[in-house]
Amino acid sequence: MSLNTAHLNGGVLIHNGEIILVYSDHTTVEWSGQDAPPFKGAKHGRIYLTTHRVIFNSKNSSDAMQSFSFPFVTLSDVELEQPIFGANYIKGKVRAQPNGNWAGEAKFKILFKHGGAIEFGQAMLKAAHLATRMANQREAPPPYVPPESQWYQAPPPAYAPPPQGYYGWMPPSQAFPDQPPANSVFMTDAPPPYPGINSMQPGGPPDRTAPPAGFHYPPQQGNAAGPAPGFSAGDAKAAEAAQSAYYDPNRPQMAYVPPPSYYEHPPTYDEATHKKQQ
């Protein structure tokens with residue numbers, strides 16, 4: 001939902017505690033429903049699926065859209081398309097939020113010219129469901145704030161997902177074996193202002209983004225937190241409960257979003273690939 005807030009020095013800029021799950025260097029994004037100049041024309045670049053959102057970075061340094069952020073809570077009508085002719089793609093809608101450098105709603109198509117659209121779409125929908133299920137539905141989100149000027153190179157866990165996966169789900173590393181170059185991933189001190197699949201919630205599983213031994217973060221400004229401990233028996237129970245509630249039709253609300261228009265779940269994979277009959 002934010003425009004030109006997720007890039008830096010030719011690389012991607014993520015929040016403190018955010019992890020890159022899937023990375024593809026060969027994607028194109030096409031837009032419709034928006035008259036603003038940055039949305040004109042096809043955009044060629046890299047795409048990242050993280051624990052909190054999808055990020056697109058343009059390869060064209062002169063493009064008015066250098067980056068675009070799609071937090072899970074702002075997505076709707078996501079579908080996976082497999083045309084007879086042409087590359088598979090993902091389509092959907094994304095809503096703007098205050099301070100995101102654009103307004104309204106836009107439709108998008110994400111094309112994977114070298115393959116991987118179905119695998120990416122499955123992972124995107126799974127991550128979106130896990131993130132919204134783990135969110136605290138009783139608390140409103142903090143307002144979105146564009147990244148601050150203080151930044152640093154992200155430690156390896158930010159772009160190397162943990163081998164144990166998330167609540168029994170593994171990102172599709174076989175379809176996307178590449179990782180972004182280490183010198184192209186940057187991090188700010190600010191935590192994500194929207195829920196993620198590794199979000200720390202009361203009574204829930206801990207954040208698993210602790211840096212490797214010997215790594216020290218730069219001085220923080222009022223929001224530093226030490227590494228979280230590993231899973232306990234209680235954490236495993238909470239994770240199991242979250243997994244069992246994944247398809248709960250009685251919890252349609254999404255956390256960290258203003259009512260009522262944002263109270264929508266991202267579709268499941270079956271919903272995205274099989275359109276409802278009229």
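Atom set for the values below is all heavy atoms of this structure, side chains included, hydrogens, waters and symmetry mates excluded.
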**Prompt:** What is the ring orientation for F68 with F70, classed by angle as parallel under 30°, tilted 30 to 60°, or perpendicular over 60°?
**Reply:** perpendicular

**Item:** For S184, side-chain contact (heavy atoms from CB on, under 4.5 Å) partners two or more places apart
**Value:** P180, P181

**Item:** Sidechain-backbone polar pair: Y167 side chain, I197 backbone, donor-acceptor under 3.5 Å
**Value:** yes

**Prompt:** Among all residues two or more places apart in sequence or in another chain, which pass the side-chain hydrogen bond (donor to acceptor under 3.5 Å, both in side chains) test with D178?
**Reply:** none

**Item:** All side-chain hydrogen bond (donor to acceptor under 3.5 Å, both in side chains) counterparts of H26, not counting sequence neighbours
**Value:** none

**Request:** Apply side chain to side chain contact (heavy atoms under 4.5 Å, CB included) to Q153 and N183, showing your working.
**Result:** CA-CA 7 Å; Q153 286 198 8; N183 60 356; 4.1 Å; yes

**Fill in**
Residue pairs meeting side chain to side chain donor-acceptor pair (under 3.5 Å), one or both in residues 3-13, sequence neighbours left out, come to S2-T5, T5-Y144, H7-S67

**Complete:** Across all chains, not counting sequence neighbours, the side-chain hydrogen bond (donor to acceptor under 3.5 Å, both in side chains) partners of S32 are none

Under 3.5 Å, sequence neighbours excluded: what are the donor-acceptor pairs made by side chains of residues 103-114?
none

**Asked** Are any of the side-chain heavy atoms of L80 and N88 separated by less than 4.5 Å?
**Response** no

**Prompt:** Do the ring planes of W102 and F39 sit parallel (below 30°), tilted (30 to 60°) or perpendicular (above 60°)?
**Reply:** tilted

**Fill in**
In short, salt bridge (charged side-chain N to carboxylate O under 4.0 Å, His left out) pairs touching residues 54-66 with sequence neighbours left out are D25-K59, K43-D63

